[in-house]
Amino acid sequence: MSLNCLRIGPKISQFHSHAVRFLRFMLPNASRLLPSSPLAQSSRLMSSAAQTPPIPSCQASSTHPLMDERHESLHLGPPRLEECSKELEIAVRVVQLACSLCQRVQESLISKTHNQEIIQVQSKDDNSPVTIADWSVQATVSWVLANYFGSRNVSIVAEEDTQALSNSSSNGILNSVVKTVNECLTEASWFGLSGPDEALSIEQVLEAIGRCNSRGGSMGKFWALDPVDGTLGFVRGDQYAVALSLIEDGQVVLGVLGCPNYPLRKELLSYQHRYHRLVSKLTPPTSDAWDRGCVFFARRGTGEAWMQPLMQKDGKREFPGYVRPVRVSSIDDPALATFCEPVERTNTSHSFTAGLAHSVGLRNRPLRVYSMVKYAAIARGDAEIFMKFARAGYKEKIWDHAAGVVMIQEAGGVVTDAGGQPLDFSKGIYLDSLDRGIIACSGAKLHRKIIEAVDASWGSSCL
């Protein structure tokens, strides 16, 4: 059979540009290339020169069948090392590790009896749920970041604190958190991270959680962490996310979003994950039809966002795995667009967004999804619009949006408040200067239509 070079040539060039941009963007996947390649050698040199704990090399693994279309391993020359981000590298790895922790805890929650579930799920002062996964992920991420960058150099804004764990009545939960953290950290090397030499004590775990006490602001560098975004979805066996971002001088410079239950196939997104779990038990173990779990990541100013399958220790997917670029949808016709909104009614108005959708000409049913998975859906092109208009008195927190905002922006989309202004992450832990609500769109045309509709109907919104 003859080889049509005219058809293959452009595809090779197109993929080559994607691969070069990614390899400049995040060096650790160089270990997937041939050991003798210049890029692999550069990776080893950078790791050996680092003053922080070295990152163990990872063996190459076969691609996941759902990822083969968009990414392959290539033998390329070395990138410019100054474009590689050690912070992004560690962030992606620790979010992968945190997702593994969350999967175990969620499976445990679902299989527990009612009384056992109460032990693992508590209520905070605002009646929102908190689980051992929230505290365990926060402790794990905090410990890893401090281990690599030094505790004095790491400032973290995060959702949880140690107050509830410090009560004598919480000894059972605290012991469960410590056990979960140590079990997780024993797997750190599998994700290319250095773990502790010995199990962390109760005091060390509380210290790691309590270290996340930054108040943010407009100066300096700090991490923003939501250990389990969408805890209600988490305890219900549905969608949730692990969100980690780095903010410098009020600007989000990188974001990582772990979505353990996000399906790799777009058409399965509208199904509740509990249905996925049921069907996966009825299908052959080798079937990938219901595979789920992705980590999305982006760095400000690159014009690229990426998706990596969630790694599994069963050998089906091994770290570092393969990545592919994600891009927002090109749909700009409201009649064809899909819009996302929160599942919960407590801090958003479904009736107002329904009115907006009708006035703009949106005809598809809304995709109601827990957590920042909504941002991932737009970044990957699975939906086109996300609208959130909080009820009076509710204040949006930076860790609920930072990672998702940079993801959509670098994937080619637009995120602003309802006045068309960029979200301001320089005011502390809240988005204090937010104008009415948040609007994220795959493109400027849809975004402009939503803004105009909000202005026209806001006076009658009662928000």
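Just so you know, residue 1 is the first one in the sequence shown, and it goes up from there.
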Practice task
For the pair Ile438 and Leu423, evaluate side-chain contact (heavy atoms from CB on, under 4.5 Å) and give the outcome as yes or no after the intermediate values.
Solution key: CA-CA 8 Å; Ile438 296 172; Leu423 304 192; 4.2 Å; yes
Practice task
Tell me, with the steps shown, if Trp306 and Val326 meet side-chain contact (heavy atoms from CB on, under 4.5 Å).
Solution key: CA-CA 5 Å; Trp306 302 85; Val326 293; 5.9 Å; no
Practice task
Answer yes or no for Lys374 and Phe386: cation-pi contact, defined as NZ/CZ to six-membered ring centre under 6.0 Å and angle to ring axis within 45°.
Solution key: yes
Fill in the blank from the handout: Value for CG (Asp229) from CG (Leu244), rounded to nearest 0.5 Å, stands at 12.5 Å
Completion exercise
Output for pair (Leu367 CG, Asp382 CG), nearest 0.5 Å, gives 8.5 Å
Handout entry: is_close_aromatic(Phe234, Tyr370), centroid dist under 6.0 Å
Key = no
Exercise for the section: State whether the side chain of Arg215 and the backbone N or O of Gly428 hold a donor-acceptor pair below 3.5 Å, judged by distance alone. Expected result: no
Problem - Distance (rounded to the nearest 0.5 Å) between Glu160 CD and Leu225 CG - result: 9.0 Å
Practice task
Find the distance between SG (Cys99) and CD (Gln106) and round it off to the nearest 0.5 Å.
Solution key: 11.0 Å
Handout entry: Side-chain ion pair, Glu410 and Arg327, N-O less than 4.0 Å
Key = no
Problem - pair Ser245-Trp223: side-chain heavy atoms closer than 4.5 Å - result: no
Handout entry: Student check: side-chain heavy atoms of Gln308 and Val92 closer than 4.5 Å
Key = yes
Practice task
State, with a plain yes or no, whether a side-chain heavy atom of Val137 is found less than 4.5 Å away from one of Cys102.
Solution key: yes
Exercise for the section: For the pair Tyr148 (side chain) and Ser194 (backbone), establish whether a donor and an acceptor sit closer than 3.5 Å, ignoring hydrogens and angles. Expected result: yes
Problem - Side chain to side chain, Val157 and Ile398, heavy atoms closer than 4.5 Å - result: yes
Exercise for the section: List the atom of Ser214, the atom of Phe222, and the distance in Å for their closest heavy-atom pair. Expected result: OG-CB, 4.2 Å
Problem - Residue pair Val406 / Leu254, side-chain heavy-atom distance below 4.5 Å - result: no
Exercise for the section: Specify the closest pair of heavy atoms between Val328 and Gly413, including all atoms of both residues, with the distance to one decimal. Expected result: CG1-N, 3.7 Å
Problem - Modelled atom types, side-chain donor and acceptor of Gln421 and Thr416, under 3.5 Å - result: no
Practice task
Given salt bridge (Lys or Arg N to Asp or Glu O under 4.0 Å), test Glu396 with Lys388 step by step and report yes or no.
Solution key: CA-CA 10 Å; Glu396 298 287 353; Lys388 184 180 182 185; 3.2 Å; yes
Exercise for the section: Return yes if some donor-acceptor pair links the side-chain N/O of Asn153 with the main-chain N/O of Phe149 below 3.5 Å, else return no. Expected result: yes
Problem - Non-hydrogen side-chain atoms of Val256 and Val295 separated by less than 4.5 Å - result: yes
Exercise for the section: Please step through side-chain contact (heavy atoms from CB on, under 4.5 Å) for the pair Ile209 and Asp161, ending with a clear verdict. Expected result: CA-CA 6 Å; Ile209 297 172; Asp161 57 38; 5.8 Å; no
Exercise for the section: Step by step, work out the side-chain contact (heavy atoms from CB on, under 4.5 Å) result for Arg324 and Arg380. Expected result: CA-CA 10 Å; Arg324 71 170 176 87; Arg380 197 173 78 171; 3.9 Å; yes
Completion exercise
Looking only at heavy atoms, the pair that brings Cys441 and Ile378 closest together is C-CG2, 4.3 Å
Exercise for the section: Kindly compute the distance separating SG (Cys212) from CH2 (Trp135), expressed to the nearest 0.5 Å. Expected result: 14.0 Å
Fill in the blank from the handout: Closest non-hydrogen atoms of Ser100 and Glu187, given as atom of the first, atom of the second and distance, are OG-OE1, 3.5 Å
Completion exercise
Heavy atoms of Ala305 and Met407 approach each other most closely as CB-O, 3.8 Å
Practice task
Would you check if the side chain of Asn261 reaches a backbone N or O of Asp238 as a donor-acceptor pair within less than 3.5 Å?
Solution key: yes
Practice task
Over all heavy atoms of both residues, which pair between Ala139 and Ala208 is shortest? Give the atoms and the distance, please.
Solution key: O-CB, 3.6 Å
Exercise for the section: May I ask you to test the Leu310-Gln96 pair for a side-chain heavy-atom distance under 4.5 Å? Expected result: yes
Handout entry: Test applied, side chain to side chain contact (heavy atoms under 4.5 Å, CB included); reference residue, Val235; option that passes from Val105, Thr131, Val228
Key = Thr131
Fill in the blank from the handout: The reported gap from CG in Leu109 to CD1 in Ile132 (rounded to nearest 0.5 angstrom) is 7.0 Å
Handout entry: Close side-chain approach of Phe296 to Cys294, heavy-atom, < 4.5 Å
Key = yes
Taking distance alone, no hydrogens or angles, what donor-acceptor pairs closer than 3.5 Å link side-chain atoms of residues 178-186 to residues at least two apart or in another chain?
unit_1, atom_1, unit_2, atom_2, d
Thr180, OG1, Ser176, O, 2.7
Asn182, OD1, Leu200, N, 2.7
Asn182, ND2, Val178, O, 3.1
Asn182, ND2, Leu200, O, 3.1
Thr186, OG1, Glu183, O, 2.5

